Amino acid sequence: MNTKRILVIAPHADDEVLGCGGYLLHQLHALKKVVVGTIGGMDVRQDFKKRKEEFELVCHKLEASGSWLFQDMDAMLDTIPCRELITSLDYEIDRFRPDEIFINYRSRHQDHVKMYDCAMASLRLREGYRPKFVALYEYPFITNGTDSVDGGKAYHDITDVISEKVHLFNLYESQVRKAPSPLNEEGIRSLAHIRGLECGCKYAEKFYVQKMMMA
């Protein structure tokens, strides 16, 4: 049997854990790759060396390969021409040829908007290749209730790995925030608990299906 290949596209290093860390933890026999839009930036909490070390450690724990497209462009991805970003994503997709692709939902952060728009553009049909499954993953600030996310709903039970997911996020120690920000253990568990209530388990991740090829 061919090994399943999973690609996660994220604006920043930590979005992949927040959105689908539990799912990735369960994919023990898959080939996994995480591509982030940028590492590092002008903010003191976006030191490139520190953020790169965090990202590499998380990828190691997930047994995934990782790469980033631009350096020190945190909160400035919207200034990069779409052509450059789409071409970079084209290269990653064409080289890896994933079976499953997970993309951040659009959110209200300019980097999330840019990555979503360019990733969806990069998913145009290619000669000789098509992914079997494409879905959007959540970002904790979706809980403000004002964002509309398109797509059929899919859930993944992460009850048995919720603590591991929290641990993974805490490895991004420069990104952990105090309440009322949801970027901490309480925020991760609270959102996962809500999604679990929706689908009948204790903790879950929710995805918005954009494309699925039925077997």
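Because the structure is predicted, anything quoted here is derived from the model rather than measured.
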Q: Of the non-hydrogen atoms in Asn184 and Arg177, which two are nearest, and what is the gap between them?
A: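 Residues Asn184 and Arg177, closest heavy atoms: ND2-O, 2.9 Å.
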Q: Would you mind checking if Arg83 and Asp90 are paired as a salt bridge, meaning a charged N to carboxylate O distance below 4.0 Å?
A: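 Arg83 and Asp90: not salt-bridged.
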Q: Find out if a path of hydrophobic residues (ILVMFWY) with successive side-chain heavy-atom gaps under 4.5 Å connects Val149 to Ile9.
A: yes
Q: Do Val176 and Leu57 share a hydrophobic cluster, counting only Ile, Leu, Val, Met, Phe, Trp and Tyr and linking them when any side-chain heavy atoms are less than 4.5 Å apart?
A: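 Yes; Leu57 is reachable from Val176 via cluster members.
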Q: Which pair of non-hydrogen atoms, one from Tyr116 and one from Asn104, has the smallest distance, and what is that distance?
A: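 That would be CD1-O, 3.5 Å.
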Q: Can you give me the closest heavy-atom contact between Asp72 and Thr38, atom names plus distance?
A: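 Smallest interatomic distance, heavy atoms only, reads N-OG1, 3.7 Å.
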Q: Could you tell me the separation between the CG atom of Leu7 and the CG atom of Asp99, rounded to the nearest 0.5 Å?
A: 11.0 Å
Q: Which pair of non-hydrogen atoms, one from His109 and one from Ala75, has the smallest distance, and what is that distance?
A: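 In this case the closest contact between His109 and Ala75 is CE1-CA, 4.1 Å.
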Q: Salt bridge check, Glu92 against Arg95: does any charged N sit closer than 4.0 Å to a carboxylate O?
A: yes
Q: Answer yes when Lys49 and Asp47 have at least one side-chain N-carboxylate O distance shorter than 4.0 Å, and no when they do not.
A: no
Q: Evaluate side chain to side chain contact (heavy atoms under 4.5 Å, CB included) for Val209 paired with Lys153, printing each intermediate quantity in order.
A: CA-CA 6 Å; Val209 180; Lys153 300 175 180 63; over 6 Å; no
Q: Give the C-alpha distance, both sets of side-chain angles, the deciding distance and a yes or no for side chain to side chain contact (heavy atoms under 4.5 Å, CB included) between His12 and Asp15.
A: CA-CA 6 Å; His12 315 107; Asp15 293 321; 3.2 Å; yes
Q: For Phe96, is the NZ or CZ atom of Arg5 found under 6.0 angstrom from the centre of its six-membered ring and inside 45 degrees of the ring axis?
A: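 Positive - Arg5 is close enough to the ring of Phe96 and near enough to its axis.
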Q: Does Glu84 reach the side chain of Phe70, with side-chain heavy atoms less than 4.5 Å apart?
A: yes
Q: When clusters are formed by joining ILVMFWY residues with side-chain heavy atoms under 4.5 Å apart, either directly or through shared neighbours, do Ile6 and Tyr91 land in the same one?
A: no
Q: Are Arg189 and Tyr203 close enough, and set up right, to give a side chain to side chain contact (heavy atoms under 4.5 Å, CB included), and what steps lead you there?
A: CA-CA 7 Å; Arg189 287 182 178 272; Tyr203 295 109; 3.6 Å; yes
Q: Could you state the interatomic distance from CE (Met214) to CE (Met212), rounded to the nearest 0.5 Å?
A: 5.0 Å
Q: With side chains defined as the heavy atoms from C-beta onward, is the minimum distance between Arg195 and Glu138 less than 4.5 Å?
A: yes
Q: So among Tyr155, Phe102, Tyr137, which one has a ring pair (Phe, Tyr, Trp, His ring centres under 6.0 Å) with Phe207?
A: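 Running ring pair (Phe, Tyr, Trp, His ring centres under 6.0 Å) over Tyr155, Phe102, Tyr137 with Phe207 returns exactly one hit, Phe102.
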Q: Looking only at non-hydrogen atoms, find the nearest pair between Pro11 and Leu77 and report the distance.
A: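 Nearest heavy atoms, Pro11 then Leu77: O-CD1, 4.1 Å.
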Q: Contact between Lys132 and Glu100 at the side-chain level, heavy atoms closer than 4.5 Å - yes or no?
A: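 Side-chain contact under 4.5 Å: no.
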Q: Should the pair Lys61-Glu164 be classified as a salt bridge under the 4.0 Å nitrogen-to-oxygen rule?
A: no
Q: Any chance you could measure Ile162, atom CD1, to Leu25, atom CG, to the nearest 0.5 Å?
A: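 CG of Leu25 is found 10.0 Å from CD1 of Ile162.
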Q: One pair to check against salt bridge (Lys or Arg N to Asp or Glu O under 4.0 Å): Glu63 and Lys32. What are the steps and the verdict?
A: CA-CA 7 Å; Glu63 298 183 352; Lys32 295 167 282 190; 5.0 Å; no
Q: Side chains of Ser107 and Val113: does their closest heavy-atom pair fall under 4.5 Å?
A: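 Not touching, per the 4.5 Å side-chain cut-off.
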Q: When the ring planes of Phe48 and Trp68 are compared, do they come out parallel, tilted or perpendicular, using 30° and 60° as the limits?
A: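 Answer is perpendicular, since the angle exceeds 60°.
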Q: Start with the C-alpha gap between Asp74 and Arg51, add the side-chain angles, then the distance that decides, and say whether salt bridge (Lys or Arg N to Asp or Glu O under 4.0 Å) holds.
A: CA-CA 11 Å; Asp74 187 278; Arg51 297 288 282 120; 5.3 Å; no
Q: Atom SG of Cys20 and atom CG of Leu62: how far apart are they, to the nearest 0.5 Å?
A: 9.0 Å
Q: Step by step, would you call Glu16 with Cys59 a side chain to side chain contact (heavy atoms under 4.5 Å, CB included)?
A: CA-CA 10 Å; Glu16 80 288 352; Cys59 285; 5.8 Å; no
Q: On a heavy-atom basis, which atom in Phe55 and which in Ala13 lie closest, and how many Å separate them?
A: CD1-CB, 3.7 Å
Q: Hey, any chance Leu136 and Ile86 share a hydrophobic cluster, counting ILVMFWY side chains that come within less than 4.5 Å of each other, even indirectly?
A: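 In one cluster with Leu136: Ile86, no.
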Q: Please test Glu198 against Lys206 for salt bridge (Lys or Arg N to Asp or Glu O under 4.0 Å), starting from the C-alpha separation and ending with a verdict.
A: CA-CA 9 Å; Glu198 292 176 5; Lys206 184 177 183 178; 3.3 Å; yes
Q: Looking at side-chain heavy atoms only, is the closest gap between Thr79 and Met76 below 4.5 Å?
A: yes
